[in-house]
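Here's the structure we're looking at; comments come further down.
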Protein chains: 2
Amino acid sequence: MRASASQARLIEAAPVFAALGDPARLTLVSRLCSEGPLSIVRLTEGAQMSRQAVTKHLNALSDAGLVHSERSGRERVWQLRPRRIDEVRRYLDQISLQWDAALDRLRDLVEDG
Amino acid sequence: MRASASQARLIEAAPVFAALGDPARLTLVSRLCSEGPLSIVRLTEGAQMSRQAVTKHLNALSDAGLVHSERSGRERVWQLRPRRIDEVRRYLDQISLQWDAALDRLRDLVEDG
DNA sequence: CGTATATGCAACCAGGAGGTTGCATATGTC
DNA sequence: GACATATGCAACCTCCTGGTTGCATATACG
């Protein structure tokens with residue numbers, strides 16, 4: 001596995017990180033975690049912003065593949081996509097692995113030189 | 001562990017995710033991973049932006065605790081803080097755990113009801 | 001049908017993010 | 001000291017983000 005290949009894969013994670021990088025959105029994710037699938041109105045209760053703002057954040061999370069929704073009667077119910085979370089975790093594992101490998105190479109350089 | 005407590009901890013991760021949520025910054029992180037500590041000029045080579053822009057991104061990563069720097073002669077050398085990466089990974093573990101717990105609760109509700 | 005609820009959509013607005021350029025400062029080298 | 005290199009700092013600009021409000025639409029319910 002070349003560094004450039006794994007780097008290209010890592011860069012794909014940027015939109016996901018960006019989606020998680022907002023306190024309001026992280027709060028929504030957390031609530032969907034602890035309370036399960038919820039409608040927009042339910043998610044707006046307790047969130048200190050308008051329903052429309054909540055919808056915007058949910059769409060941002062959806063674009064990143066972190067949540068998905070389904071219309072149910074006159075409600076739209078949102079829930080998490082845990083798979084995507086696991087993918088992000090694997091991205092971070094990749095960073096750690098690359099870092100460990102870099103440390104090894106540096107050590108070898110010192111020893112060889 | 002109450003949900004509100006773990007949620008509060010999760011929200012603290014937002015700035016770290018935001019720092020990783022930019023392709024340019026993820027590229028810098030990746031390069032520091034694969035090439036080890038680098039000066040600003042070295043990091044600017046290959047990055048398609050000015051040295052000052054690179055510095056801004058490095059400062060953003062630094063604010064999030066993901067990198068740190070040290071002056072060495074007339075250079076400033078930047079390197080990763082792998083500990084912070086591990087912390088973020090633990091945040092994601094927390095999301096997954098909460099999600100699994102939520103699924104269990106939902107299943108119990110169905111069975112009990 | 002009429003009414004209340006839940007959502008969708010669009011216009012609008014302030015502030016910050018990400019980029020640039022220009023210039024000042026610090027360090028290495030001769 | 002003179003010169004080249006590496007960085008720091010500030011002003012400036014553009015665009016996107018995150019928020020709002022207002023109104024339209026869809027569904028439940030009597």
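The chains referred to below are lettered A, B, ... by the order of the sequence lines, with proteins before strands, and numbering in each begins at 1.
Straight-line distance from the NE2 atom of A:His57 to the P atom of D:dT17: 12 Å, rounded to whole Å. D:dA6 atom C1' lies 15 Å from atom CG of B:Leu38, rounded to whole Å. Rounded to a whole Å, the CD atom of B:Gln48 is 15 Å from the C1' atom of C:dG18.
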Could you pull out every donor-acceptor pair under 3.5 Å between side chains of residues 73-85 of chain B and any protein atom, sequence neighbours left out?
unit_1	atom_1	unit_2	atom_2	d
B:Arg76	NH1	B:Ser69	OG	3.0
B:Arg84	NE	B:Ala64	O	2.8
B:Arg84	NH1	B:Glu87	OE1	2.4

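In this structure, the separation between CG on A:Leu58 and NE2 on A:His68 is 12.5 Å, given to the nearest 0.5 Å.
For A:Gln52, the side-chain contact (heavy atoms from CB on, under 4.5 Å) test picks out A:Ser50, with sequence neighbours left out. When the side-chain contact (heavy atoms from CB on, under 4.5 Å) test is applied to B:Ala14, the partners found at least two apart in sequence or on another chain are A:Pro23, A:Leu26.
Residues B:Val54 and B:Ala47 approach most closely at CG2-CB, 4.2 Å, considering heavy atoms.
Contact of the B:Arg89 side chain with the B:Asp86 side chain is registered, since non-hydrogen atoms from C-beta on lie closer than 4.5 Å. Residues B:Leu43 and B:Leu32 meet the side-chain proximity criterion, which asks for heavy atoms closer than 4.5 Å.
Applying the side chain to side chain donor-acceptor pair (under 3.5 Å) rule to pairs touching residues 53-63 of chain B yields B:Arg25-B:His57, sequence neighbours excluded.
A sub-4.0 Å separation between OP1 or OP2 of C:dT20 and a side-chain N or O of B:Ser50 is present.
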Task: Contact pattern, 5' to 3', of nucleotides 1-17 of chain C - B, S or - by protein heavy atom under 4.0 Å - done: ---BBSBBB--------
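An angle of 30°, rounded to 10°, separates the two end axes of the helix from C:dC1-D:dG30 to C:dC30-D:dG1, each defined over five pairs.
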